[in-house]
Visitor: 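Next up is a structure, given as structure tokens.
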Amino acid sequence: QVTFVESGGGSVQSGGSLTLSCVASESTYITFCMGWFRQTPGKDREGVAGVCRGNTAYADSVKGRFTISRDNARNTVYLKMNNLQPEDTGMYYCAPIDPFLFSPDNGTSILAVKGLNYWGQGTQVTVSS
């Protein structure tokens, strides 16, 4: 089964930047529709960025600050995060997203594929004010 390994998290001050990386164990998955998700204590995991068929979508809370990209040759998906705010604090994960539900520029359509457990260990992002 494919695995995803996230890295690049850390602790930064408000206004800082981080770039997260997600490496897939199988190349076909990175060329598939992929998303980044964030989970904070007491809340459900939410999609923050997705890329699918050449289109992207972002949650309203990160639009204009986060950028998702991928390098198929490296089996890697990235999340560049600028102007980080304390509310961006959380554990970040990557996973394949459902292409039939994805809609460009619609942040609520970033939904993980159901039925299989793709979730890796995640990478922690902590933003202090």
Side-chain angles (χ1 to χ4, degrees):
Q1 181 174 333
V2 64
T3 59
F4 298 95
V5 179
E6 301 92 347
S7 63
S11 297
V12 297
Q13 290 191 326
S14 181
S17 298
L18 287 171
T19 297
L20 307 184
S21 299
C22 163
V23 181
S25 61
E26 297 179 19
S27 60
T28 53
Y29 280 82
I30 293 298
T31 60
F32 193 64
C33 299
M34 291 291 298
W36 281 96
F37 297 80
R38 175 172 67 202
Q39 188 163 29
T40 54
K43 292 186 177 181
D44 291 335
R45 196 153 22 202
E46 64 168 337
V48 296
V51 57
C52 185
R53 295 185 291 261
N55 297 302
T56 59
Y58 299 92
D60 286 344
S61 61
V62 308
K63 200 171 291 184
R65 300 187 297 120
F66 289 12
T67 303
I68 187 171
S69 62
R70 58 186 167 190
D71 184 338
N72 293 340
R74 297 178 182 272
N75 295 349
T76 303
V77 176
Y78 302 98
L79 185 66
K80 173 67 173 173
M81 305 184 296
N82 293 326
N83 191 21
L84 282 161
Q85 300 300 313
E87 53 266 33
D88 296 318
T89 294
M91 189 70 80
Y92 284 73
Y93 304 85
C94 67
I97 59 176
D98 193 322
F100 300 105
L101 298 176
F102 180 82
S103 179
D105 299 324
N106 181 354
T108 63
S109 70
I110 306 165
L111 301 170
V113 173
K114 293 185 178 180
L116 294 175
N117 183 16
Y118 291 112
W119 305 110
Q121 84 286 354
T123 186
Q124 176 69 36
V125 172
T126 303
V127 185
S128 57
S129 59

Visitor: Please assess Cys33 against Phe102 for the test side-chain contact (heavy atoms from CB on, under 4.5 Å), listing each intermediate value before the final yes or no.
Guide: CA-CA 9 Å; Cys33 299; Phe102 180 82; 5.7 Å; no
Visitor: Determine all donor-acceptor pairs shorter than 3.5 Å in which one atom belongs to a side chain in residues 103-113; sequence neighbours excluded.
Guide:
unit_1	atom_1	unit_2	atom_2	d
Asn106	OD1	Thr108	N	3.0
Asn106	OD1	Thr108	OG1	2.6
Ser109	OG	Ser103	N	2.9
Ser109	OG	Ser103	O	3.1
Ser109	OG	Asn106	O	2.7

Visitor: Take the angle between the ring planes of Tyr92 and Phe66 and call it parallel below 30°, perpendicular above 60°, tilted in between.
Guide: tilted
Visitor: Can you list every side chain to side chain donor-acceptor pair (under 3.5 Å) pair that touches residues 45-56, not counting sequence neighbours?
Guide: Arg38-Glu46
Visitor: If you measure from CG on Leu79 to CE on Met34, what distance do you get to the nearest 0.5 Å?
Guide: 11.5 Å
Visitor: Do Val5 and Tyr118 sit in one hydrophobic cluster, given that two such residues count as connected whenever their side-chain heavy atoms are within less than 4.5 Å of each other, even indirectly?
Guide: no
Visitor: To the nearest 0.5 angstrom, please state how far the CD atom of Glu87 sits from the OG atom of Ser14.
Guide: 7.5 Å
Visitor: Just do the side-chain contact (heavy atoms from CB on, under 4.5 Å) check on Thr67 and Tyr78 with the steps written out, would you?
Guide: CA-CA 8 Å; Thr67 303; Tyr78 302 98; over 6 Å; no
Visitor: Minimum heavy-atom separation for Gln39 and Lys43, please, with both atom names.
Guide: NE2-O, 3.5 Å
Visitor: Might you confirm whether atom CD of Gln1 has over 12 heavy atoms from other residues, nucleotides or ligands at distances under 6.0 Å?
Guide: yes
Visitor: Starting at OG of Ser11, measure out to CG of Leu18 and round the result to the nearest 0.5 Å.
Guide: 8.5 Å
Visitor: For a quick test of reading the model, state the closest non-hydrogen atom pair linking Asn82 to Ser17 and the distance between them.
Guide: OD1-OG, 3.0 Å
Visitor: Which heavy atom of Phe4 sits nearest to which heavy atom of Ala24, and what is that distance?
Guide: CE2-CB, 3.6 Å
Visitor: Working to the nearest 0.5 angstrom, can you tell me the gap between Ser129 OG and Gln13 CD?
Guide: 9.0 Å
Visitor: Do Arg70 and Val51 come within less than 4.5 Å of each other through their side chains, counting heavy atoms only?
Guide: yes
Visitor: Is there a path of hydrophobic side-chain contacts, each under 4.5 Å between heavy atoms, that joins Tyr93 and Val62?
Guide: no
Visitor: Check for a donor-acceptor pair, side chain of Thr123 on one end and backbone N or O of Glu6 on the other, with a separation under 3.5 Å.
Guide: no
Visitor: Taking Val23's backbone N and O only, do any of them form a donor-acceptor pair with Arg74's side chain (distance below 3.5 Å, no angle check)?
Guide: no
Visitor: Can you name the closest pair of heavy atoms from Pro96 and Phe32 and give their distance?
Guide: CB-CD2, 3.9 Å
Visitor: Is Tyr58 reachable from Ile97 through a run of hydrophobic residues whose side-chain heavy atoms are each under 4.5 Å from the next?
Guide: no
Visitor: Measure the OG-CG distance between Ser61 and Asp88 for me, rounded to the nearest 0.5 Å.
Guide: 7.0 Å
Visitor: Once rounded to the nearest 0.5 Å, what's the spacing between atom CD1 of Ile68 and atom NZ of Lys80?
Guide: 15.0 Å
Visitor: How would you list, by chain and number, every residue that makes a side-chain contact (heavy atoms from CB on, under 4.5 Å) with Gln124, sequence neighbours excluded?
Guide: Thr89, Met91, Thr126
Visitor: With a 4.5 Å limit on heavy-atom distance, are the side chains of Phe37 and Trp119 in contact?
Guide: yes
